[in-house]
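The structure that follows is given in the form of structure tokens.
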Amino acid sequence: MALGLGATPALAGGVIAGTLIENTATATYDDGDGPKSVDSNTVTVRVDELLDVTTTSLDAGPIGASPGETVLTFEITNTGNGPEAFELTASPAVAGNDFDTVIESIAIDTNGNGTYDPGVDIILAGPEVTPILAADETVTVFVVVIVPGTATDGEQSEIELTAAAATGSGSPGDLFAGAGVDGADAIVGTTTASATTIGAITVGITTVDLTKSAAIVDPFGGDSAVPGSIVTFTIVADVRGSGSVSDLVVTDVIPDGTTYASGTLALDTASLTDAADADAGTASQASGISVDLGNVAGGTNHTVTFNVTID
Ligand SMILES: [Ca+2]
Ligand SMILES: [Ca+2]
């Protein structure tokens, strides 16, 4: 870190706007009557405001999304040397997109926790302008988009966020007379006082297919359904797609005319107890069977089996 000069902090954007840089020259001489010195007048230079900004996506990569609302996270940094607000523009139309989202809103991370909290983090009204950021200050911004119901599994879409200095942007060196700190000028810096970055989403639509089959063993060693036959029901939950599902629970009733065979409930061939306990399953004549599979990733399946006896 560079050491500050006097009371003026060193900033990424240089000496802070409005700083008065004063300089007085001195000459010393000897006129034959001893040493003398004389000062020049003092020249004062007030530092103008440089307008600069950077934007960054804070998402680690394309974020997983399903049709409906999705939130992208960005960071805006005032890399200028004075206080400045930035007008934000989000565009859903980026070349190469498989589909375009609909921009719903832009919000500021009001409580500073890095997560979009609906009802807490303030949604900006148009034109969407950040609060004034001090030089070097950053703010986290959320772009809330709607993924259309027509999007299909695996499709990608990018969203472009632009932040432009509210005072103005343009070519480096462009000057906004009197628009800087304390009436000094504001001058567009090397970033053009405008920065654009891209956030991306990948659609993960996950479906669950449930297939049930029955295998019968009769008391005579055959496969007839007669009183006393044992019926093994097999239920396969097949989770398909690139995402995952949560709270997946498989349930079934014990059919009329049959009796549940205690202790036969199993998940992926591992036995589950009938009681409601630490394992994933419960089973009883009255309530049927229930197996809690929890979060299941696409591309995997689970098999639940149980036996009943035909009355
Ligand atoms: Ca928040
Ligand atoms: Ca159990």
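In this chain, residues are counted from 1 in sequence order. Atoms within each ligand, like the ligands themselves, are counted from 1 in listed order.
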Test: Lys212 and Asp252 ion pair at under 4.0 Å: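 Here Lys212 pairs with Asp252 in a salt bridge, since their nearest N and O are under 4.0 Å apart.
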Residues Lys36 and Asp30 bridged, charged N to O under 4.0 Å: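 Answer for the salt bridge query: no.
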3.0 Å cut-off met by an N, O or S atom of Thr110 to the Ca ion (ligand 1):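 Given the 3.0 Å cut-off, Thr110 does not count as a ligand of the Ca ion (ligand 1).
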Point-to-point distance, once rounded to the nearest 0.5 Å, from OG of Ser57 to CD of Glu158: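 Answer for the OG-CD pair, Ser57 versus Glu158, is 10.0 Å.
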Working for side-chain contact (heavy atoms from CB on, under 4.5 Å), residues Glu75 and Val141: CA-CA 6 Å; Glu75 186 176 78; Val141 165; over 6 Å; no
Candidate pair Val38 and Thr26, rule side-chain contact (heavy atoms from CB on, under 4.5 Å), full reasoning: CA-CA 6 Å; Val38 63; Thr26 302; over 6 Å; no
Atoms (protein N, O or S; no water) under 3.0 Å from the Ca ion (ligand 2): 6
For the Ca ion (ligand 1), the closest N/O/S atom belonging to Asp121: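 So the atom name we want here is OD2.
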Nearest-0.5 Å distance, CG of residue Asp59 to CD1 of residue Ile159: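 Asp59 CG to Ile159 CD1: 9.5 Å, rounded to 0.5 Å.
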Presence of N, O or S from Thr140 under 3.0 Å of the Ca ion (ligand 1):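 Under 3.0 Å: Thr140 has no N, O or S contact with the Ca ion (ligand 1).
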Side-chain donor-acceptor contact under 3.5 Å, Ser194 with Ser169: no
Sidechain-backbone polar pair: Asp274 side chain, Ser262 backbone, donor-acceptor under 3.5 Å: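 No; zero donor-acceptor contacts below 3.5 Å.
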Metal site the Ca ion (ligand 1): N/O/S of Asn113 inside 3.0 Å: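 Checking the Ca ion (ligand 1) against Asn113, an N, O or S atom does fall under 3.0 Å.
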Which atom of Asp117 approaches the Ca ion (ligand 1) most closely (N/O/S):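 Result for Asp117 and the Ca ion (ligand 1): OD2.
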Metal-centred angle, the Ca ion (ligand 1) as apex - OD1 of Asn111, OD1 of Asp109, 10° resolution: 80°
Among Leu267, Val239, Val249, side-chain contact (heavy atoms from CB on, under 4.5 Å) partner for Leu293: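 In the set Leu267, Val239, Val249, the residue that makes a side-chain contact (heavy atoms from CB on, under 4.5 Å) with Leu293 is Leu267.
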